[in-house]
Amino acid sequence: ARQMPDGRVYVYGSRDEPTNVWCSHTYDVLSTSDLINWDVEQFSFATKGIGKQVDYTDQLLYAPDCIYHNGKYYLYYCLTNEKEDEGVAVSSSPYGPFKEGKAIAGIHAPRIKRIIPILTDEELNRLNTLITNGEITFRDMAIVLMGLSSGIRACDLIKLKLSDVDWSNETITFRQSKTGNVVCIPLIPIVGNAVTKYLVNERPNAKNDFLFVRQLAPFEPLSGHATCYKVVERVFKLAEIKKDSRIFGMHMLRHNAASAMVKKSVPIETIAAILGHANPDTTDIYITTDEYKLKECALPMTGISKEVNP
């Protein structure tokens with residue numbers, strides 16, 4: 001917030017236009033003289049549509065600020081594109097419109113943190129119903145359940161061998177393709193049962209020891225992220241789970257696995273070990289998926305002065 005020469009307090013901000021990111025193509029300006037009654041000026045600056053004032057980008061906007069200098073108001077804006085970063089536009093009014101937006105060379109804004117996409121409780125219920133009713137193949141069932149419970153990456157899942165499954169100790173051990181680290185994940189009953197059904201009733205007599213293979217001869221192992229993506233996409237479609245603006249595939253299942261562990265108060269270090277993160281700090285982003293715990297972090301607004309200094 002800024003107090004401008006006219007004595008009013010101005011707040012410049014973007015809106016949550018997409019469902020998974022705190023950004024918009026326009027900025028709004030809110031102003032007040034008493035911190036109680038607010039005026040809103042829409043489309044004070046935009047990179048797309050009404051109020052567009054830049055000719056070099058149509059990227060989403062976030063984290064603006066505005067200053068007054070020598071009779072002009074300068075709006076500093078941030079873009080979500082990694083190559084374009086920050087810019088500045090000018091106006092004779094604190095409300096805008098701010099015109100002639102230009103990029104600022106040599107300034108790189110911090111990257112925005114997108115909201116981690118996960119499945120809703122209703123979507124999870126539909127998915128569980130689909131699996132319980134046996135409406136998908138045992139192979140697809142095992143893949144989805146393994147992804148949902150352990151967060152295993154697609155590149156690791158397609159390389160799993162029959163020998164990686166330790167039935168006696170109820171674990172699956174493999175070396176991560178991304179980090180080279182050896183990861184040992186628990187083989188929980190629901191996943192173990194699904195894998196058993198697949199091996200006993202459905203897996204063909206393939207001439208390889210890969211755990212998951214193609215359903216048609218010559219029964220080669222699954223190849224690439226695209227295969228796993230198609231499996232998840234097919235299952236989600238049957239469960240009537242819409243993609244919207246979210247990512248799909250094993251990455252979505254990985255997000256959901258981490259989120260579920262966070263909500264169960266599993267220590268971040270344990271989650272990092274299960275996901276195979278080399279640095280536990282990488283796992284902190286999943287804390288943002290626990291909206292109930294985040295609400296406990298909110299600070300009360302009591303004690304804030306309603307007076308506006310001249």
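- Between the side chain of E41 and the backbone N or O of P97 there is no donor-acceptor pair closer than 3.5 Å.
- Ring geometry for H69 versus Y74: interplanar angle of 30 to 60°, hence tilted.
- Pairing each heavy atom of C184 with each of T173, the nearest pair is SG-OG1, 3.5 Å.
- Put simply, the side chain of P204 reaches to within 4.5 Å of the side chain of V213, judged on heavy atoms.
- Checked against the 6.0 Å centroid threshold, F212 and Y198 count as a close aromatic pair.
- Distance CE/M252 to CD/E233: 12.0 Å, rounded to 0.5 Å.
- Around the CD1 atom of I190, the shell of radius 6.0 Å holds no more than 12 heavy atoms that belong to other residues, nucleotides or ligands.
- The salt bridge (Lys or Arg N to Asp or Glu O under 4.0 Å) search around D156 returns none, not counting sequence neighbours.
- When each of D34, D39, T32 is checked for a side-chain hydrogen bond (donor to acceptor under 3.5 Å, both in side chains) with R8, only D39 meets the rule.
- Side-chain contact between T227 and I158: absent, with no pair of heavy atoms (C-beta onward) separated by less than 4.5 Å.
- Here the CG-OG1 distance, from N256 to T120, works out to 9.0 Å after rounding to the nearest 0.5 Å.
- Between H255 and H251, the angle of the ring planes goes over 60°, which puts this pair in the perpendicular group of the 30/60° scheme.
- Residues F138 and W167 share a hydrophobic cluster, clusters being chains of Ile/Leu/Val/Met/Phe/Trp/Tyr side chains in contact below 4.5 Å.
- Side-chain contact between P218 and K207: absent, with no pair of heavy atoms (C-beta onward) separated by less than 4.5 Å.
- If you look at Y27 and Y77, their ring centroids are not closer than 6.0 Å.
- Not a single donor-acceptor pair under 3.5 Å links the side chain of R254 to the backbone N or O of A154.
- Heavy-atom neighbours of K52 NZ from other residues, nucleotides or ligands within 6.0 Å: above the threshold of 12.
- Residue I143 holds its CD1 atom at 7.0 Å from CE of M250, rounded to the nearest 0.5 Å.
- Side-chain atoms of S177 and R153, non-hydrogen and from C-beta on, never get closer than 4.5 Å to each other.
- Across all their heavy atoms, A89 and F98 have their closest contact at CB-CB, 3.8 Å.
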V90 and K99: CA distance, side-chain angles, deciding distance, side-chain contact (heavy atoms from CB on, under 4.5 Å) verdict: CA-CA 5 Å; V90 63; K99 301 180 178 180; 5.5 Å; no

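- A distance of 9.0 Å separates OG in S14 from CG in L60, rounded to the nearest 0.5 Å.
- Annotation: cation-pi pair K161/F210 present, NZ/CZ under 6.0 Å from the ring centroid and within 45° of its normal.
- Linking ILVMFWY residues whenever their side-chain heavy atoms come closer than 4.5 Å, directly or via other members, leaves L216 and V231 in distinct clusters.
- L75 has its side chain out of reach of Q53: every pair of non-hydrogen atoms, C-beta onward, lies at least 4.5 Å apart.
- Residues E240 and L130 fail the side-chain proximity criterion, which asks for heavy atoms closer than 4.5 Å.
- Residues F45 and G101 approach most closely at CE1-CA, 4.4 Å, considering heavy atoms.
- T171 OG1 to D164 CG: the interatomic distance, rounded to the nearest 0.5 Å, is 9.5 Å.
- By the neighbour-count criterion of 12 heavy atoms within 6.0 Å, atom CD of E100 is sparsely surrounded, having that number or fewer from other residues, nucleotides or ligands.
- Between E122 and R126, at least one side-chain N (NZ, or NE/NH1/NH2) sits under 4.0 Å from a carboxylate O, which counts as a salt bridge.
- For K243, the NZ atom sits in a packed shell: over 12 heavy atoms of surrounding residues, nucleotides or ligands are nearer than 6.0 Å.
- Residues I50 and V40 are members of separate hydrophobic clusters, defined by side-chain heavy-atom contacts under 4.5 angstrom among Ile, Leu, Val, Met, Phe, Trp and Tyr.
- Annotation for L238 and I136: closest pair CD1-CG2, 3.7 Å, computed over non-hydrogen atoms.
- The CD1 atom of I188 sits 7.5 Å away from the CG atom of L145 when rounded to the nearest 0.5 Å.
- Sorted by first and then second residue, the salt bridge (charged side-chain N to carboxylate O under 4.0 Å, His left out) pairs with a member in residues 182-199 form an empty list; sequence neighbours excluded.
- The nearest pair of heavy atoms linking G147 to A257 is O-CB, 3.7 Å.
- Not a single donor-acceptor pair under 3.5 Å links the side chain of D166 to the backbone N or O of L187.
- By the neighbour-count criterion of 12 heavy atoms within 6.0 Å, atom CD of Q215 is densely surrounded, having more than that number from other residues, nucleotides or ligands.
- L79 and F43 fall into different hydrophobic clusters, where Ile, Leu, Val, Met, Phe, Trp and Tyr are joined by side-chain heavy atoms under 4.5 Å apart, directly or via other members.
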Could you please spell out the steps behind the side-chain contact (heavy atoms from CB on, under 4.5 Å) verdict for L211 and L199? CA-CA 8 Å; L211 178 58; L199 294 177; 3.9 Å; yes

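- Side-chain atoms of R2 and D65, non-hydrogen and from C-beta on, do get closer than 4.5 Å to each other.
- Counting all heavy atoms, side chain and backbone alike, L253 lies closest to F236 at CD2-CZ, 3.8 Å.
- Within the 3.5 Å criterion, the main-chain N or O of Q59 finds a donor-acceptor partner in the side chain of T47.
- Looking only at side-chain heavy atoms (C-beta outward), Y95 and Y73 stay at 4.5 Å or farther from each other.
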